[in-house]
Amino acid sequence: MNAVIYIHGKGGSATEYEHYKPLFPDCEVIGLDYHTFNLWDTGKEIHDAVEELKGKYEKVILIANSIGAFFSMNAGIDDMVQKAYFISPIVDMEKLIAYMMKHIHVTGQELELKGVIHTDFGEDLSWEYLCYVRSHPIEWHVPTKILYGSNDHLTSLETICFFAKKHDAILTVMEGGEHWFHTEGQMQFLDYWIMK
């Protein structure tokens, strides 16, 4: 028997894995309820969870949403995962951080000096986090399918296309889709994308 592990995004929940159970009827589908929210600690949580599944099941399939995909790609699980489905993945965190810094008119020098800067949109900018991202470029060698909404406000089409080409991932773009796939039409599209 194979296992499917679902890694949620920010504001999401491990219970979202329930949606995927009917799509993988011959697999054990599990949601990871990670308790940290930085690359190094969350990466370890994901690594440990996948390693445990690898010891119990024949193959492990990954479904990861938004920043959950970024955490997964930084978890060192390439050799333990058979294939991956990424939904609205964050694939260039440095670019996203730079965008947020520009949005609130913060320079790299200011961020380095202050260490952490709180924003009015609920995200903390961290110099330590940015340095970690810069010193740990993504290495990802798992056969991957990506679902991307054309109205994604966190990742540009150019960025997602560049990532898909570099990593030989199969990219599907839903016209009118958003970063958060949640409407009935979007979820139907997502389900069809997985099943096909």
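For this chain, numbers begin at 1 and follow the sequence in order. A quick note: this is a predicted structure, and the numbers were derived from the prediction, not measured.
- Glu123 pairs by the side chain to side chain contact (heavy atoms under 4.5 Å, CB included) definition with Lys10, Met100, Thr119, Phe121, not counting sequence neighbours.
- Under the 4.5 Å side-chain heavy-atom criterion for Ile, Leu, Val, Met, Phe, Trp and Tyr, Tyr85 and Val29 are members of the same hydrophobic cluster.
- Here the shortest heavy-atom pairing between Leu171 and Tyr148 reads CD1-CB, 3.9 Å.
- The CG atom of Leu147 sits 13.0 Å away from the CD1 atom of Ile170 when rounded to the nearest 0.5 Å.
- When side chains are defined from C-beta on, Ile160 counts as touching Pro89, because their heavy atoms get closer than 4.5 Å.
- Taken to the nearest 0.5 Å, the CD1 atom of Ile30 stands 4.5 Å off from the CG atom of Leu53.
- In this structure the side chain of Phe37 reaches within 4.5 angstrom of the side chain of Ile67, judged on heavy atoms.
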- Task: Carefully, step by step, assess Lys83 and Lys145 under the rule side chain to side chain contact (heavy atoms under 4.5 Å, CB included).
- Result: CA-CA 8 Å; Lys83 62 182 171 181; Lys145 293 182 179 180; over 6 Å; no

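- For the side chain to side chain contact (heavy atoms under 4.5 Å, CB included) test, residues two or more places apart in sequence or in another chain that qualify with Gln82 are Lys59, Ile61.
- Residues forming a ring-ring contact (aromatic ring centres under 6.0 Å, His included) with Trp127 (at least two apart in sequence, or on another chain): none.
- For the atom pair NE2 (His182) and CD (Glu16), the distance works out to 12.5 Å, reported to the nearest 0.5 Å.
- At least one side-chain heavy atom of Glu94 sits under 4.5 Å from a side-chain heavy atom of Leu130.
- The nearest pair of heavy atoms linking Gly76 to Met80 is O-CE, 4.1 Å.
- At least one side-chain heavy atom of Phe86 sits less than 4.5 Å from a side-chain heavy atom of Leu62.
- To the nearest 0.5 Å, atom OG1 of residue Thr155 and atom CG of residue Leu96 are 6.5 Å apart.
- Applying the salt bridge (Lys or Arg N to Asp or Glu O under 4.0 Å) test to Glu52 and every residue at least two apart in sequence or in another chain returns Lys56.
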- Task: Report the C-alpha distance between Asp92 and Phe162 in whole Å, list the side-chain angles of each, state the deciding distance to 0.1 Å, and finish with yes or no for side chain to side chain contact (heavy atoms under 4.5 Å, CB included).
- Result: CA-CA 10 Å; Asp92 192 332; Phe162 178 80; over 6 Å; no

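- Under the 4.5 Å side-chain heavy-atom criterion for Ile, Leu, Val, Met, Phe, Trp and Tyr, Leu23 and Val60 are members of distinct hydrophobic clusters.
- Counting only distance, with no hydrogens or angles, the side chain of Asn74 and the backbone of Gly43 share no donor-acceptor pair below 3.5 Å.
- Partners of Thr144 by side chain to side chain donor-acceptor pair (under 3.5 Å), not counting sequence neighbours, listed by chain and number: Trp140.
- For Glu45 against Thr36, the heavy-atom pair with the smallest separation is OE2-OG1, 2.8 Å.
- Every residue two or more places apart in sequence or in another chain was checked for a salt bridge (Lys or Arg N to Asp or Glu O under 4.0 Å) with Lys114, and none qualifies.
- Looking at residues two or more places apart in sequence or on another chain, you find a ring-ring contact (aromatic ring centres under 6.0 Å, His included) between Tyr132 and Trp40, His136.
- Listed by chain and residue number, nothing satisfies the salt bridge (Lys or Arg N to Asp or Glu O under 4.0 Å) test with Glu128 (two or more places apart in sequence, or in another chain).
- The CD1 atom of Ile46 sits 11.0 Å away from atom CG of Asp41, with the distance rounded to the nearest 0.5 Å.
- Within the 3.5 Å criterion, the main-chain N or O of Gly68 finds no donor-acceptor partner in the side chain of Asn65.
- In the hydrophobic cluster analysis, where Ile, Leu, Val, Met, Phe, Trp and Tyr join through side-chain heavy atoms closer than 4.5 angstrom, Ile87 is grouped apart from Met93.
- Residue Ser88 comes nearest to His179 through the heavy atom pair OG-O, 2.6 Å, listed as atom of the first residue, atom of the second, then distance.
- In this structure, the side chain of His35 engages the main chain of Asp33 through a donor-acceptor pair within 3.5 Å.
- Among residues two or more places apart in sequence or in another chain, the salt bridge (Lys or Arg N to Asp or Glu O under 4.0 Å) test is passed with Glu18 by Lys21.
- Judged as a ring-ring contact (aromatic ring centres under 6.0 Å, His included), and not counting sequence neighbours, the contacts of His167 are Phe163.
- By the side chain to side chain donor-acceptor pair (under 3.5 Å) test, His19 is found to be paired with Asp191, residues two or more places apart in sequence or in another chain being considered.
- Looking only at side-chain heavy atoms (C-beta outward), Met101 and Leu125 come within less than 4.5 Å of each other.
- Counting heavy atoms from C-beta outward, Phe24 and Ile63 have side chains that approach closer than 4.5 Å.
- How far OH of Tyr34 is from OG of Ser72: 8.5 Å, rounded to the nearest 0.5 Å.
- For Phe70, there are no ring-ring contact (aromatic ring centres under 6.0 Å, His included) partners two or more places apart in sequence or in a different chain.
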- Message: Could you go through Val4 and Tyr17, starting from their C-alpha distance and side-chain angles, then the distance that decides it, and tell me whether this counts as side chain to side chain contact (heavy atoms under 4.5 Å, CB included)?
- Response: CA-CA 9 Å; Val4 175; Tyr17 82 94; over 6 Å; no

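- The side-chain heavy atoms of Asp124 and Tyr129, taken from C-beta on, include no pair separated by under 4.5 Å.
- Of all heavy-atom pairs between Ile90 and Met73, the closest is O-CE, 3.9 Å.
- Residues Leu190 and Ile146 are members of separate hydrophobic clusters, defined by side-chain heavy-atom contacts under 4.5 angstrom among Ile, Leu, Val, Met, Phe, Trp and Tyr.
- When all heavy atoms are compared, the tightest approach of Gln186 to Trp180 is OE1-O, 3.4 Å.
- Cluster membership check: Phe71 shares its hydrophobic cluster with Val142, using side-chain heavy-atom separations under 4.5 Å among Ile, Leu, Val, Met, Phe, Trp and Tyr.
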